[in-house]
Amino acid sequence: QVQLVESGGGQVQAGGSLRLSCAASGRTFSGYAMGWFRQAPGKEREFVAIVSGSGGTTYYADSVKGRFAIFRENAENTVYLQMNSLTLEDTAVYYCAADVQSPVVRGPPTSGMDYWGKGTLVIVSQ
C-alpha cells in the first residue's frame, strides 16, 4: 500500500509559477516511479509527467514540455511538479500517482498507475 497526499495547489495568474508536492508513505519510495496527471473541467484525466525511481529519467506530455519539471527527493519521500509559464489551459485538478511495478520508466505510462492521491486544484486566471 502507498498513500499519496498532494499539496501546493491554488490560484495563480497566467504566466506565473506554482510548485506542487506529493508526499508518499507506505513503501520504499525510490523503488517505484511517480507521475503527475491532471483533469480539467469537462475533460478526461491526462498524463503530465513521470519520473523514475532514481529521479534520473523523466518524460513529459507535449503540452507541458519546456514549462514543467518533475523531480523527486527520495530522502523526503516527496515528488514535485514545478510549473512555470502557466496558461489558462493548465487549470485542472492535479493528481500524483505511483507505479509500484517498477522504478524504471521508458516513456509515458501505457498502463494504469497503481496508487493515486486525491488531487490538488490549480486555477490559472488572467
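Each residue takes its place number in the sequence, starting with 1.
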Should Arg38 and Glu46 count as an ion pair when the cut-off is N to O under 4.0 Å?
->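 Answer for the salt bridge query: yes.
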Separation between [atom1] of [X] and [atom2] of [Y], rounded to the nearest 0.5 Å:
X	Y	atom1	atom2	value
Thr58	Met34	OG1	CE	14.5 Å
Ser54	Arg72	OG	CZ	8.0 Å
Gln13	Leu18	CD	CG	12.5 Å

Within-4.5 Å side-chain heavy-atom neighbours: [X] and [Y]:
X	Y	answer
Val104	Thr57	no
Tyr94	Met83	yes
Leu81	Arg19	no
Val48	Phe68	yes
Tyr80	Ser21	yes
Thr91	Val122	no

State whether the side chain of [X] and the backbone N or O of [Y] hold a donor-acceptor pair below 3.5 Å, judged by distance alone.
X	Y	value
Thr78	Glu76	yes
Ser17	Asn84	no
Glu73	Asn77	no
Tyr60	Ile70	yes

Would you say Leu4 and Phe29 are hydrophobically clustered, going by side-chain heavy atoms of ILVMFWY under 4.5 Å?
->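 They do share one cluster, since a chain of ILVMFWY contacts under 4.5 Å joins Leu4 to Phe29.
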Single-linkage hydrophobic cluster Val124~Leu20, side-chain heavy atoms < 4.5 angstrom =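 Yes, because Val124 and Leu20 connect within a single hydrophobic cluster, where side-chain heavy atoms sit under 4.5 Å apart.
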Got a sec: does the NZ of Lys65 have more than 12 other heavy atoms crowding it under 6.0 Å?
->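 Enclosed.
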List in chain and number order the residues that pass salt bridge (Lys or Arg N to Asp or Glu O under 4.0 Å) with Asp99, two or more places apart in sequence or in another chain; answer none if no residue qualifies.
->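 For Asp99, no residue satisfies salt bridge (Lys or Arg N to Asp or Glu O under 4.0 Å) once neighbours in sequence are set aside.
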List the steps, then state whether side-chain hydrogen bond (donor to acceptor under 3.5 Å, both in side chains) holds for Ser25 with Gln3.
-> CA-CA 5 Å; Ser25 61; Gln3 293 78 42; 3.3 Å; yes
Closest contact, heavy atoms only, Pro103 versus Ser30 |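 That would be CB-O, 3.8 Å.
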Of all the heavy-atom pairs spanning Gly119 and Glu6, show the shortest one and how long it is.
->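 Looking at all heavy atoms of both residues, the closest pair is N-OE1, 2.9 Å.
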Mind checking what makes side-chain hydrogen bond (donor to acceptor under 3.5 Å, both in side chains) contact with Tyr115, not counting sequence neighbours?
->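 With neighbours one apart ignored, the set is empty.
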Cluster companions of Ile123 among Ile, Leu, Val, Met, Phe, Trp, Tyr (side-chain spacing under 4.5 Å) =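 Phe37, Phe47, Ile50, Tyr59, Val93, Tyr95, Val105, Met113, Trp116, Leu121, listed by chain and number.
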